[in-house]
> 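To start, I am sharing the structure in question, which I have written as structure tokens.
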Amino acid sequence: MTLSEVRNAVAYQKICILIPTYNNEKTLKRVIDGVLDYTGNIIAVNDGSTDSTAHILAQYPDITVISLLENKGKGNGLKIGFRKAKELGYHYAITIDSDGQHYPDDIPVFVEALLHEKEDVLLIGNRNMSQDGIPKKSSFGNRFSNFWFWFETGIKLEDTQSGYRLYPLLKIPKKYFTPKFEFEIEIIVRTAWRHVPVKNVPIKVLYDPAERVSHFRPFKDFTRISILNTILVTITLLYIIPRNFVNNFKKKSFKRFIKEDVLESDGSNRTKAFSVALGVFIGFSPFWGFHTLLVISLSVLFKLNKVLAFVASNVSLPPFIPFIIAACLFLGSPFVHGDSNILSSELNFELIKNNLLQYVIGSAILATSMSAFCGIATFLFLSKLNPENN
């Protein structure tokens with residue numbers, strides 16, 4: 001794209017450039033001057049800087065400057081910037097760090113990628129963390145973040161930590177719960193949960209130890225990020241995945257579900273059969289309240305089909321529970337000395353408590369046998385329909 005095409009696209013798409021800054025006096029002016037080559041739609045958030053940042057920003061009377069009296073973290077600065085951008089009528093905000101690691105001449109990369117999209121999208125700059133000069137701790141942290149983002153959203157990205165991003169202001173959440181570096185994880189995960197595509201675009205990066213000032217505190221911030229990911233994973237397992245499954249199932253007929261989520265899903269017939277076997281095993285096992293957590297976690301661990309495993313685990317839906325209890329007690333009775341007529345009693349959880357060992361043994365037998373049967377039946381069924389996928 002030519003410079004004039006970029007300028008016109010930025011104006012037409014209502015894009016602003018958001019620059020959060022804290023004590024980056026060495027690089028801030030260079031970043032702003034570089035951005036001004038493409039647009040004057042700049043919002044700078046001075047997050048309580050104690051250096052000459054305020055003096056530098058005063059040299060640019062035509063840009064919007066928000067000055068905070070106290071440093072409260074990058075996340076807080078971004079939230080305030082997003083709110084101001086929406087007040088000014090912008091639909092998108094490209095965030096660029098003020099520490100000099102991002103090149104303003106990559107702005108056309110984001111603009112062109114947005115123009116090729118048919119719907120709103122959140123774009124994250126891919127810094128190619130394998131190149132020379134990238135600190136090892138940054139590369140490790142990025143891989144760590146990529147894994148958990150994939151676990152929480154199902155989206156595979158090469159870079160989830162870059163601060164160089166394009167946000168669809170009308171589609172991101174309105175309220176947030178984190179104020180510092182972990183905010184950039186929270187916002188992309190929760191935006192993805194809203195079914196907004198999250199994608200990488202290639203960008204350049206500069207790590208100059210002589211100029212770059214990093215405010216990342218390894219122990220404190222890594223701990224905060226770990227706590228956030230723990231919360232997000234829990235929400236993913238207990239709410240997001242079941243919600244998505246129910247919503248998708250409502251939109252599809254049974255025939256379409258079999259075609260798209262079973263026959264055309266990723267994985268060989270053997271993998272799909274193991275997925276069903278795992279789901280059935282967990283569903284018949286005595287882990288009431290933890291079935292979803294276990295089946296999704298184990299599916300990820302063993303690289304199985306999460307959808308099939310989750311569906312199969314629902315053999316323990318409430319209408320089937322009395323029959324499962326009865327079968328478990330019946331199968332466990334030969335291995336435990338006790339009342340052989342136990343099934344003549346009312347079937348409830350009090351009965352299980354009083355005959356716990358019998359129930360546990362029976363549930364192990366039932367879960368194992370039904371898991372093997374359903375796994376083999378699934379494999380034979382899929383092999384008949386699609387033998388080339390074995």
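No experiment lies behind these values; they were computed from the predicted model shown. All residue numbers refer to positions in the sequence shown, counting from 1. We use all heavy atoms of the structure for the numbers below, so side chains are in, but hydrogens, waters and symmetry mates are not.
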> Do you know the tightest heavy-atom contact between N200 and D159?
ND2-O, 2.9 Å

> With distance as the sole test, does S371 use its side chain to make a donor-acceptor pair with the main-chain N or O of A277 at under 3.5 Å?
yes

> Do we see a donor-acceptor contact under 3.5 Å between the side chains of Y22 and N46?
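Per modelled atom types, Y22 and N46 side chains form no pair under 3.5 Å.
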
> Do N24 and T27 have a side chain donor and acceptor closer than 3.5 Å?
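Judged by distance alone, the side chains do not pair up.
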
> Passes ring-ring contact (aromatic ring centres under 6.0 Å, His included), F82 versus Y167? Steps please.
CA-CA 9 Å; F82 290 151; Y167 290 97; 4.8 Å; yes

> Can you name the closest pair of heavy atoms from L115 and Q13 and give their distance?
CD2-NE2, 3.4 Å

> Please state whether the rings of H291 and F287 are parallel, tilted or perpendicular, taking 30° and 60° as the class boundaries.
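The arrangement is perpendicular - the two ring planes meet at more than 60°.
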
> Can L88 be reached from V45 by stepping across I, L, V, M, F, W or Y side chains whose heavy atoms are under 4.5 Å apart?
yes

> Taking S333 for the side chain and F330 for the main chain, is one N or O donor matched with an acceptor at less than 3.5 Å?
yes

> Between the side chains of E25 and S52, does any donor sit under 3.5 Å from an acceptor?
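Short answer, yes.
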
> Decide, yes or no, whether a salt bridge links K204 with D105 under the criterion of side-chain N to carboxylate O below 4.0 Å.
yes

> For G163, is there any backbone N or O sitting under 3.5 Å from a side-chain donor or acceptor partner on T95?
yes

> Without hydrogens or angle criteria, can the side chains of T236 and E152 be said to hold a donor-acceptor pair below 3.5 Å?
no

> Side chains of S275 and N305: donor-acceptor distance under 3.5 Å anywhere?
no

> Can you name the side chain to side chain donor-acceptor pair (under 3.5 Å) partners of N76, sequence neighbours left out?
none

> May I ask you to check whether E158 and N126 show a side-chain donor-acceptor distance below 3.5 Å?
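Indeed, the side chains of E158 and N126 share at least one donor-acceptor pair under 3.5 Å.
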
> Assign the ring pair H102 / Y164 to parallel, tilted or perpendicular, where the plane angle (0 to 90°) is split at 30° and 60°.
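H102 and Y164: parallel rings.
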
> Do you know which two heavy atoms are closest between I56 and Y60, and how far apart they sit?
O-CD1, 3.3 Å

> A quick test of your reading: do over 12 heavy atoms of other residues, nucleotides or ligands sit less than 6.0 Å from CG of L301?
yes

> Looking at L78 and P20, what are the two nearest heavy atoms and their distance?
CD2-CG, 3.8 Å

> Return the minimal non-hydrogen interatomic distance between P168 and Y92, and the atom names on each side.
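Looking at all heavy atoms of both residues, the shortest contact is CA-CD2, 3.7 Å.
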
> Do you know the tightest heavy-atom contact between I96 and Y103?
CD1-C, 4.5 Å

> So W148 and F144, would you call those rings parallel, tilted or perpendicular, with 30° and 60° as cut-offs?
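Rings of W148 and F144: perpendicular, as their planes differ by over 60°.
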
> Return the set of residues passing salt bridge (charged side-chain N to carboxylate O under 4.0 Å, His left out) with E5 (not counting sequence neighbours), or none when no residue passes.
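E5 satisfies salt bridge (charged side-chain N to carboxylate O under 4.0 Å, His left out) with no other residue.
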
> When the aromatic ring centroids of Y176 and F183 are compared, is their separation below 6.0 Å?
yes

> Answer yes or no: is there an ion pair linking K74 with D47, defined by an N-O contact shorter than 4.0 Å?
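No, K74 and D47 are not salt-bridged.
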
> Can you find a heavy atom in the side chain of R165 that is under 4.5 Å from one in the side chain of E184?
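When only atoms from C-beta onward are counted, E184 and R165 do touch, with a gap below 4.5 Å.
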
> Answer yes if the side chains of T160 and N146 hold a donor-acceptor pair under 3.5 Å, and no otherwise.
yes

> We want to know whether T223 and S226 form a side-chain donor-acceptor pair, criterion being a heavy-atom distance below 3.5 angstrom.
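Per modelled atom types, T223 and S226 side chains form no pair under 3.5 Å.
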
> Which residues pass the salt bridge (charged side-chain N to carboxylate O under 4.0 Å, His left out) test with K29, sequence neighbours left out?
D33

